[in-house]
Amino acid sequence: MKSDRVSSEHTNESANPLTARDHPLPYSLLLNHPPTGSSDQGRWEDFGISQLPELRRSLLNWYAEAGRDLPWRRTRDPYAIWVSEIMLQQTQVKTVIPYFERWLEQFPTIASLADAEQQQVLKAWQGLGYYARARNLHRAAQLIVQDYGGTFPTDFETVIELPGIGRTTAGGILSAAYNQPVAILDGNVKRVLARMIALEVPPKRAIGLLWQVSTTLLDPIHSRDFNQALMDLGATLCTPKNPACLLCPWQTHCRANQLNMQSELPISENRTPIPHKQIGVAVIWNEEHQILIDRRRQEVLLGGLWEFPGGKIEPGETVEACIQREIQEEIGIEIEVGDRLITIDHAYTHFRVTLNVHHCRYVSGEPQAIECDEVRWVTVDELDQYPFPKANVQIIEAIRQL
DNA sequence: AAGTCGTGGGT
DNA sequence: TACCCAAGACT
């Protein structure tokens, strides 16, 4: 276990002045039972001054025993911690670790990242998803070099202005790198706190309240460890399904556990069904046995990545007709649509697609970047050098197996 | 201020 | 299978 678990370079208690009693919870947000008599233990209002030391102590003690040993916890380099925080957005720890290790070898400093080409950066990010994170990380590195001499800033107001860094990520970086008492509210913390106070609305509907709770609970001395501990608690014990309440340091303080409602909380929003789109995709061969690929525009889904051109199949349209039309509209060339290469089903967050991929033969015209940033003829061996989204990597694999 | 933005893991 | 969810930010 780490020896520096309890650190104290930052001792500014006044930075965390809020107490629960300064911000009483509206009764409407509490789950059953009015706050009357002596039977109202566990209400959020009761996490006042007297409760806070015990809550903080018990969590920190648990963390010292059960906290995870993660690569980015072995450093205080704000750049490395920043990279980890960005990669970890909406992404599981297990997925991030290999990307994180490779990233720091390839881009060991802010300056080295700032100097890199965007294509290099996206290639290193390939497979992680949410590619705006990589584009913003790259842009922010260049801003830090330009405006702050390549040194990561230390004040919250400056950090949160950087592209890709919101309130939670700023708090995560500043507490982890400098032990500053800045609260966080990520998915883990939302779930833990929603259960602690038995929040009776979906966390999305009570963001302000949850920030208050996180800020109030935060240990002003051991801020780094406290925030890390809170996230570990959510990731390892206070899990979405089957939380291990018997092992939880806050078991006796948790209102959800008191009410035996830990499996019902937090309340989730009902989602609207997602659409399913049929897409025609062209693998266009020329007489030199090269393939035509295009680079997607920066702002759109998968912005900056390369793809095999194509588009949505209109109602009543055949796959072949769609491909021929899309290539004429988007690239400005004539092709002949041939055999089917592969069919790929892929699920994004807000829709599903079926890629109907066909071999095509180039016929005439000069390829133009009409609805993309760039088009290029490449050999099969050169495809590796370009960043592609996952569904297109599957197409490349199918091509290689020809 | 609801929609948008990827992919992998777990059930 | 299909669905949920993950160290959220941006528009």
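Chain identifiers are assigned alphabetically (A, B, ...) following the order of the sequence lines, protein sequences preceding nucleic acid strands; residue numbering begins at 1 within each chain.
For the OP1/OP2 pair of B:dT4 and a distance below 4.0 Å, the side-chain nitrogens and oxygens of A:Tyr348 include no atom meeting the criterion. The side chain of A:His346 places no N or O atom within less than 4.0 Å of a non-bridging phosphate oxygen (OP1 or OP2) of B:dG6. Contact between the side-chain N/O atoms of A:Lys390 and the OP1/OP2 oxygens of B:dG8 is found at a separation under 4.0 Å.
Residues A:Gln89 and A:Arg133 bring no donor and acceptor atom of their side chains to less than 3.5 Å of each other. Between the side chains of A:Lys123 and A:Gln120, no donor N or O sits under 3.5 Å from an acceptor N or O. Between the side chains of A:Trp72 and A:Glu85, no donor-acceptor pair of N or O atoms lies under 3.5 Å.
Each of A:Ser268 and A:Leu162 lies near DNA chain C, and the nucleotide nearest A:Ser268 is the one positioned closer to the 5' end. When each of A:Thr169 and A:Gln92 is assigned the nucleotide of DNA chain C bearing its nearest heavy atom, the one mapping closer to the 5' terminus is A:Gln92.
Closest to the side chain of A:Gln228, from the set C:dA7, B:dG9, C:dA9, is C:dA7. Listed nucleotides: B:dG6, C:dA7, C:dC10. Nearest to the side chain of A:Asn136: C:dC10.
Across all strands, A:Trp125 comes closer than 4.0 Å to no nucleic acid atom at all (heavy-atom distances). Across all strands shown, A:Leu185 has no heavy atoms under 4.0 Å from either base or sugar-phosphate atoms.
A donor and an acceptor atom never sit less than 3.5 Å apart when one is taken from the side chain of A:Thr168 and the other from the base of C:dG8. Checked by distance alone, A:Arg135 brings no side-chain donor or acceptor within 3.5 Å of a matching partner on the base of C:dA9. Side-chain atoms of A:Thr91 stay outside donor-acceptor range of the base of B:dG8, with no qualifying N/O pair under 3.5 Å.
In this structure, A:Ile274 atom CD1 and B:dT4 atom C1' are separated by 13 Å, rounded to whole Å. Remark: P of C:dC4 and CD of A:Gln90 are 15 Å apart, rounded to the nearest angstrom.
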Q: Verify salt bridge (Lys or Arg N to Asp or Glu O under 4.0 Å) between A:Arg57 and A:Asp219, making sure each step is shown before the conclusion.
A: CA-CA 9 Å; A:Arg57 190 160 44 234; A:Asp219 189 305; over 6 Å; no
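Shown for residues 186-194 of chain A: residues whose heavy atoms fall under 4.0 angstrom of DNA chain C, namely A:Asp186, A:Gly187, A:Asn188, A:Arg191.
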